Amino acid sequence: MSEFDIVCVPPKAIKGQAVADLLATFPGEYVTTLQDDVPGEFLEISVVKEETCLSYFDGSATPSNDTGGAGVVLVSPSGEVLSHSFKLDFHCTNNSEKYEAFLLGLSLAKQAGAMYLEIRGYSKLLVNRMNSVYSLKELTRAPFRAEAQQLFTHFDDTKIVHTGRTNNKHAAFLETLASKLQFEGPEKAIMVQRRAISSTWIDQAEDAQASDWRAHIIHELSSSISEGKVILKELRNFFLLPGALYYRNPDAYLSRCLGDEEAKEKLESLHKEICGQTLVITLYRRLQRLRYYWPSMEAQSRTLQGSCLNC
């Protein structure tokens, strides 16, 4: 071929449109269909993707007391999140605690019965060492790798990937919580619960029935258009604060408005406390000082004390 003028050039990328034109030109080429008369073939082949459990881990050391903390977050295939925080109350360095958190995550996933596990951590050094990308030179790290290899045998498949700090905040918060704790006594577990509303919220405004005297006032205060069921002179003394209705007394103090059932309970319980005692304030004044209010509070208090022989 030396007599021909041949020049070597790099191949150009195949454009997507060229492939589409080729398939349009030869629509029947390289297309095979499954035939019913061929033994051993199936009309449909379904591939089942195994469900994978996710494990996030993080650890930190506290130089002041020579201890550390570990945080592990397990996410089941159904989306259930299990948060674990561990106080590492033994000598920890700034690297060994991350290995401890890694092994704790493997142990928890094993206990949970996970068979396919994906482990995520932001320690690139640890991830690459466990994936055999980096060599393990420190002798003190060899026991961690040996324990991890032993735990790997309990899973059908494991995958270790590196993730950034932003995607690992949950585990980081857990390890920070554990590393700062100082246990006193036999305490071994701390429960952290989530509250969606403030402790001052009293959910009575929603429960007010139509027969409740507060219902019309709450409706007028909640509605942007007044229906005139409550006169404005009376309405201006009421305030709808988070979850409850309040009444402004002549002394400018706010008293929580009670419904019929709660008012009856408060009236009877306070009457039992002061019944038969001398030189005490009246039941009505006591209810006022406790900052309770309902329209017939004064009349009911006097009637109850007036009908009581001990009072």
Side-chain angles (χ1 to χ4, degrees), residues 1-59 72-79 81 93-96 98-99 101-103 105-106 109-110 114-172:
M1 304 294 290
S2 60
E3 59 181 304
F4 301 101
D5 188 10
I6 301 176
V7 181
C8 293
V9 295
K12 296 182 179 180
I14 300 177
K15 299 296 183 179
Q17 186 60 43
V19 177
D21 294 339
L22 178 64
L23 295 177
T25 306
F26 304 98
E29 295 293 330
Y30 305 109
V31 178
T32 60
T33 58
L34 298 177
Q35 304 295 330
D36 295 337
D37 54 351
V38 178
E41 287 192 333
F42 300 91
L43 295 179
E44 293 184 0
I45 300 177
S46 59
V47 178
V48 179
K49 185 179 180 181
E50 298 293 344
E51 296 180 338
T52 304
C53 178
L54 299 180
S55 174
Y56 297 85
F57 72 94
D58 194 10
V72 178
V73 179
L74 291 179
V75 183
S76 66
S78 61
V81 180
T93 64
N94 200 28
N95 288 326
S96 64
K98 290 181 172 56
Y99 285 89
F102 177 76
L103 294 178
L106 287 175
K110 172 189 171 183
M115 299 306 296
Y116 296 86
L117 181 64
E118 181 176 328
I119 309 167
R120 299 178 181 180
Y122 81 88
S123 177
K124 193 172 184 179
L125 177 63
L126 185 149
V127 171
N128 287 332
R129 281 179 172 176
M130 290 299 171
N131 287 327
S132 299
V133 177
Y134 294 166
S135 60
L136 189 63
K137 298 181 180 180
E138 297 92 338
L139 295 177
T140 56
R141 301 290 179 261
F144 293 102
R145 183 175 62 180
E147 181 65 20
Q149 292 173 348
Q150 177 64 27
L151 289 172
F152 286 155
T153 60
H154 297 279
F155 303 95
D156 291 345
D157 184 39
T158 55
K159 182 180 180 182
I160 310 173
V161 297
H162 175 259
T163 184
R165 289 179 178 266
T166 304
N167 298 326
N168 204 46
K169 286 183 177 180
H170 193 165

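Bear in mind the structure is a predicted one, so any value in this text is a computation, not a measurement.
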Main-chain N/O of Lys110 paired to His154 side chain as donor or acceptor, under 3.5 Å: no
Phe144 and Tyr99 aromatic ring geometry - parallel, tilted or perpendicular at 30°/60° bounds: tilted
Could you give the distance from NE2 (His162) to CD1 (Ile119), rounded to the nearest 0.5 Å? 14.5 Å
Check whether the side chains of Tyr134 and Arg129 place a donor and an acceptor atom closer than 3.5 Å, and report yes or no. no
Going from OG on Ser132 to CD1 on Ile160, what distance comes out if it is rounded to the nearest 0.5 angstrom? 9.0 Å
Give me the atom names and distance for the closest heavy-atom approach of Gly59 to Lys98. O-NZ, 3.3 Å
Donor-acceptor contact present, side-chain Asp58 to main-chain Gly121, <3.5 Å: no
Nearest heavy-atom pair of Cys53 and Ser76: which atoms, and what distance? SG-CA, 4.4 Å
Salt-bridge present (Glu118, Arg120; N to O < 4.0 Å): yes
If you measure from CD on Gln150 to CG on Leu103, what distance do you get to the nearest 0.5 Å? 11.5 Å
Validation row: Leu106, Ser55 side chains within 4.5 angstrom (heavy atoms): no
Full working for side chain to side chain contact (heavy atoms under 4.5 Å, CB included) between Val75 and Tyr56: CA-CA 8 Å; Val75 183; Tyr56 297 85; 4.2 Å; yes
Candidate pair Phe102 and Leu151, rule side chain to side chain contact (heavy atoms under 4.5 Å, CB included), full reasoning: CA-CA 11 Å; Phe102 177 76; Leu151 289 172; over 6 Å; no
Out of curiosity, Asn168 CG to Thr163 OG1, how far, rounded to the nearest 0.5 Å? 6.0 Å
Heavy atoms, side chains only, cut-off 4.5 Å: are Tyr116 and Glu51 in contact? no
Indicate yes or no: at least one non-hydrogen side-chain atom of Val81 is less than 4.5 angstrom from one of Val73. yes
Measure across Ala171 and Phe57 and return the closest heavy-atom pair with its distance rounded to 0.1 Å. CB-C, 3.9 Å
